[in-house]
Each structure stands twice: as C-alpha cells, then as structure tokens.
Amino acid sequence: MASLWGGRFEKDMDELVKKYNASIFFDQRMYNEDIDGSIAHVTMLGRQGIVSEEEKDQIIAGLKEIKQEIADGKIIFNVDDEDIHMGVESRLIKKIGDVGKKLHTSRSRNDQCQVDTRLYLRKEIYEILNSLCYLESVILKKAEKYADQITVGFTHLQHAQPITIGFIFMAYFQMFKRDIERLNDSLDRLNYNPLGACALAGTTMPIDRHLTSELLGFTAPTENAMDTVSDRDYSLEFLSDASISMMHLSRWAEEFAWWNSSEFSYIAIDDSFCTGSSIMPQKKNPDMAELIRGKVGRVYGDLMQLLTVMKGTALAYNKDFQEDKESLFDAVDTWKATIDIFAKMLDKTEFRMDQIEKQLGKGFLNATDIAEHFAKQGIPFREAHSIVGHMVKMCENKNCDFEDLTDEDLQSIDSRVSKELLGDISIKNCVDARVSFGGTAPSEVRRQIKVGREWLNSLEK
Ligand code: ARG
C-alpha cells in the first residue's frame, strides 16, 4: 500500500523498515485524542474559510464514525497504518473520498502527535489525581482511627521515641500531598496547545491557534513552533512526578512488609492482598507490598529511558522522539495501578496493638523525654542527656527499666536527680506532651488531620 507521504518515492519500504518504523501498535491507545484533535483542527479550518462549511461537516461526520468503529473493535490497525495519525486519516479518505485529503492542511504529524500525547496525558493525570485524593482520604480516615494509639518510632531502624500511629499516617499524607501538588503544577505547564506548530516553523495559511486551544481546553497555544515539536518536557515532568511518588509508595510498602513480618507482627495484611507458597503450606506472603516496592524500578527506568532519548537531540523534530510513548504509557499504567492497590490494601489493614505494646517497653523510648523533663527543671540539656545516658547504662547492667531505679541509684549518677524529679515518665504521658507544632501528640495529630482534610476538600471542589 502506498503511504500517504509516498509521492517522491520510487520504492516501497522494506518490510523490516516498515515494522521498525511503525508506532501504530502502541500509539493507537490515543485514538480518541487523535480524532478529537482532528475535529478541533477542521472546525478551525472551517471557521477560517480554509475548508468550506460543508467540507468541514463531512470530515467531522467521517471522523466520528471512525471513532465509533475503533471503539466497537471494527477497525484493526496494521503495520501499513504506520501510526495512529495516518491510520485515521487514510480511513477517513477511504470513507469520505477526496474531501478527506483536506484535513491535513496546515498540520504535520510533528504537532499532531504532540496534541495527542498532551490530551492523553491530561486525561490520565486527572485520573491519577483522583486516585491520589482517594488514597489521601483513606489515610485521613485511618489517622483519625489511630490518632491515640502509640507505637515505636524508629531512626536507623532502632527504637527511638514513642509516636502515635496516626502520626505515621500523617507523615505519608504529606508526601502524597506534595505528589498531588507537583502533578497539578506539571499539568499547568503541560496544558498548552501544540496544534498549528506544523512541521517546525508554522504555516503560511491563516490558521487560528487560539481557537483550537479553546476548543481543546488548552490554556493557550505554545509560543514557539520549533520548541513545540521537539519538546518532551511535559512527559519528562510527568515521569519525574511518577518516580517520586512511586518512591513514596515503595517506602510505605517496605514498612508494610516488615510490620507484617513474624518478628514484628504489628499488622496483619488482609488475606485478599497476600499470596501463598506452592511448597510451604503455612506461608502468607505480603506480595503486593513487595511488588509495589519492586515496580518503582520500572518507573525510574521509564524516566531514564526518555531522558536518554532526548539527550543531545538537535532541533527540531527527530524520529528518536517517537520513542517517547511506550515508557510514558508504562509509567501511567504502573503508577495508577500502584496507587489504587495501595489505597485498598491500606484501607483493609489494622494494627495489632497487643503486639505493638510488647515492644513499647524496649529500647528506653522515653529517654529523650526524661532528659527534656530534667532540662525543664533547670539542668542544662547536655548534662541531662548525659545523666539519662548513665541511667540507661545502669538499667542495662541491672536488667531493669527506668522506673525500677531507686533514689540511691539516681543520686549515685547525679545528686540533682531523684525519683520525684523523674515524675510521670509513662510512654503515654511522653507522647501526650509532644505538642510542639508538627509533633506526635494525639492533639497535634488531630490538628494535622483537620488541616489535611480542609486541604483535600478544597481540591475536590
Ligand atoms: N509517529 C510519529 C511520532 O510519534 C509521528 C510524527 C512523525 N513525523 C515524522 N516526520 N516522521 O513521533
């Protein structure tokens, strides 16, 4: 089959070249956007008198039929279609005859593929934003439920200080909040109209790029045609956003895996999110948490792939840029699925407070609180730190807790301290007192939840 661009060619494409060159097998995913872009384009051509009203109507009717036929599975694209742009255009010409040949006036596939990708990505970003907002709503619900429940806070994977479980939830809430803000920000920069940039230098025809921008819901036309056809920054930004967010998801997934381990048993991941072993009958493995942790690697790979494709490419369009799509699609699918599965798994996960409580007595979680307590009573913090350090050593030697130290024990360390001075050093008291802004006290976590909920509600409007 002669190609739509075949005028100056004497030979057909080599079969291997055809296959290697074609993007139809992956870019057909954007057929809706391709046709919407064409409808806007021909509407503008009609308004500008570049095609007649009647021609415009015929072309639009043909395009709409093709859209339906693709949706119904009646059109099966093949290697001769080369890409979605030509796949649609050649069918249009077949369907409505010569008038269909007017569609590609003042347009190139170089700007067309950019319209498609931006429209596609915009739609997917809306969906991902919805998924992230749902995840945030699950986090808020759980944070509320566990606002008072105390667990071990770690640094270096060592017992550090007691914290509330709600506090952990709100830490992740902040990460996904930044992901949402980052993605919204990228969306603002993505939403400019490439249509009418043509091959690289605009056109002599009296087109109206502002009109197509309005019709397609873009903020405005892109400023410079040459930049437009060679720009893939918006995809790179999306892939960066996806990579950062997947990193966040992988961190929580990692915590899920070890919280769920036999050693910890802080949580029991719901059966419906685990798998068994084909040899060990007793096993219930946290595969989803592990897969989430693993899938971040793909998305980083997608980002590196496109960065590498773009590196050192001269202006303007180069065929290298066709390699912008598969990694983008992979990242869209992976990120979206990962958020959805994580949100559902989180919703179904409950903490095993009986197991957690067993750990709260270990590792002198209230050591810092005691030092701060001494400091409040006039002992300089550095000295208080050292006194509590000696108390820890003494407890380790005697194999006991702070509460078991006697007045003599304490005074042998420093004459200023006594059991009375120690006061209430229960873990609960320590947590309740951490009311500094952003701290872990239940009252402070509830404030964070309130602010978080207000922010989320303001987005959903
Ligand atoms: N399939 C191509 C792509 O995705 C469309 C642009 C082709 N342009 C060209 N001059 N060969 O990049």
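- Aromatic ring orientation, Phe154 versus Tyr266: tilted (interplanar angle from 30° to 60°).
- Minimum interatomic distance between Leu216 and Asp36 (heavy atoms only, all atoms of both residues): CD2-O, 3.7 Å.
- When every heavy atom of Asp231 is checked against every heavy atom of Gln114, the shortest pair comes out as O-OE1, 3.1 Å.
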Could you go step by step and tell me if Ile168 and Ile163 meet the side chain to side chain contact (heavy atoms under 4.5 Å, CB included) rule? CA-CA 8 Å; Ile168 303 179; Ile163 54 171; 3.6 Å; yes

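- Between Phe169 and Phe173, the ring centre distance reaches or exceeds 6.0 Å.
- Side chains of Phe321 and Ser230 form a contact here, defined as non-hydrogen atoms less than 4.5 Å apart.
- Aromatic ring centroids of Phe329 and Tyr120 lie under 6.0 Å apart.
- Atom CD of Glu454 has more than 12 heavy atoms from other residues, nucleotides or ligands within 6.0 Å.
- Considering only heavy atoms from C-beta on, Lys141 stays 4.5 Å or farther from Lys145 through its side chain.
- The two residues Lys19 and Val79 make their nearest non-hydrogen contact at CA-CG2, 3.8 Å.
- The shortest non-hydrogen separation linking Asp369 to Pro162 is OD1-CD, 4.3 Å.
- Here the side chain of Ser186 pairs a donor or acceptor atom with the backbone of Arg182 at under 3.5 angstrom.
- In this structure a side-chain-to-backbone donor-acceptor pair under 3.5 Å is missing from Gln68 to Leu63.
- In this structure, a donor-acceptor pair under 3.5 Å is present between the side chains of Asn21 and Lys319.
- Side-chain contact between Met86 and Asp81 is absent, with no heavy atoms from C-beta onward closer than 4.5 Å.
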Determine, stepwise, if the pair Asp407 / Ser418 fulfils side chain to side chain donor-acceptor pair (under 3.5 Å). CA-CA 5 Å; Asp407 270 332; Ser418 63; 4.6 Å; no

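- Of all non-hydrogen atoms in Trp335 and Ser245, the two that sit nearest each other are NE1-OG, 2.9 Å.
- Phe374 has its ring centre no less than 6.0 Å from the ring centre of Phe381.
- In terms of heavy-atom proximity, Arg118 sits nearest to Arg189 at NH1-O, 4.1 Å.
- Side-chain contact between Pro194 and Val229 is absent, with no heavy-atom pair separated by less than 4.5 Å.
- Counting heavy atoms from C-beta outward, Lys123 and Asn32 have side chains that stay 4.5 Å or more apart.
- When side chains are defined from C-beta on, Phe77 counts as touching Ile70, because their heavy atoms get closer than 4.5 Å.
- Under a cut-off of 6.0 angstrom, the local environment of NZ in Lys450 is sparse, with at most 12 non-hydrogen atoms contributed by other residues, nucleotides or ligands.
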Might you work through the salt bridge (Lys or Arg N to Asp or Glu O under 4.0 Å) test for Glu33 and Arg122, ending with a clear yes or no? CA-CA 10 Å; Glu33 290 76 18; Arg122 186 174 72 186; over 6 Å; no

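- Under the 4.5 Å side-chain criterion, counting only non-hydrogen atoms from C-beta, Asp347 is in contact with Lys142.
- Aromatic ring centres of Phe264 and Trp259: separated by at least 6.0 Å.
- Put simply, the residue from Leu365, Ile150, Asn366 that forms a side-chain contact (heavy atoms from CB on, under 4.5 Å) with Val431 is Ile150.
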When you look at Lys336 and Glu127, which way does the salt bridge (Lys or Arg N to Asp or Glu O under 4.0 Å) test go after all the steps? CA-CA 8 Å; Lys336 205 159 61 170; Glu127 282 192 24; 2.9 Å; yes

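- Residues Thr308 and Lys311 are not in side-chain contact: their nearest non-hydrogen atoms beyond the backbone lie 4.5 Å or more apart.
- A donor-acceptor pair shorter than 3.5 Å can be found between the side chains of Thr406 and Asp409.
- Taking the six-membered ring where the residue is Trp, the centroids of His159 and Phe364 are separated by 6.0 Å or more.
- A donor-acceptor pair shorter than 3.5 Å can be found between the side chains of Gln377 and His373.
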Salt bridge (Lys or Arg N to Asp or Glu O under 4.0 Å), that's the test. Do Lys419 and Glu403 meet it? Break it down for me. CA-CA 8 Å; Lys419 276 186 96 66; Glu403 285 88 344; over 6 Å; no

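- For the pair Arg232 and Phe238, the NZ or CZ position fails the cation-pi test of under 6.0 Å to the six-membered ring centre and within 45 degrees of the ring normal.
- Here the OG1-NE2 distance, from Thr368 to His385, works out to 7.5 Å after rounding to the nearest 0.5 Å.
- In this structure, a donor-acceptor pair under 3.5 Å is absent between the side chains of Asp320 and Thr313.
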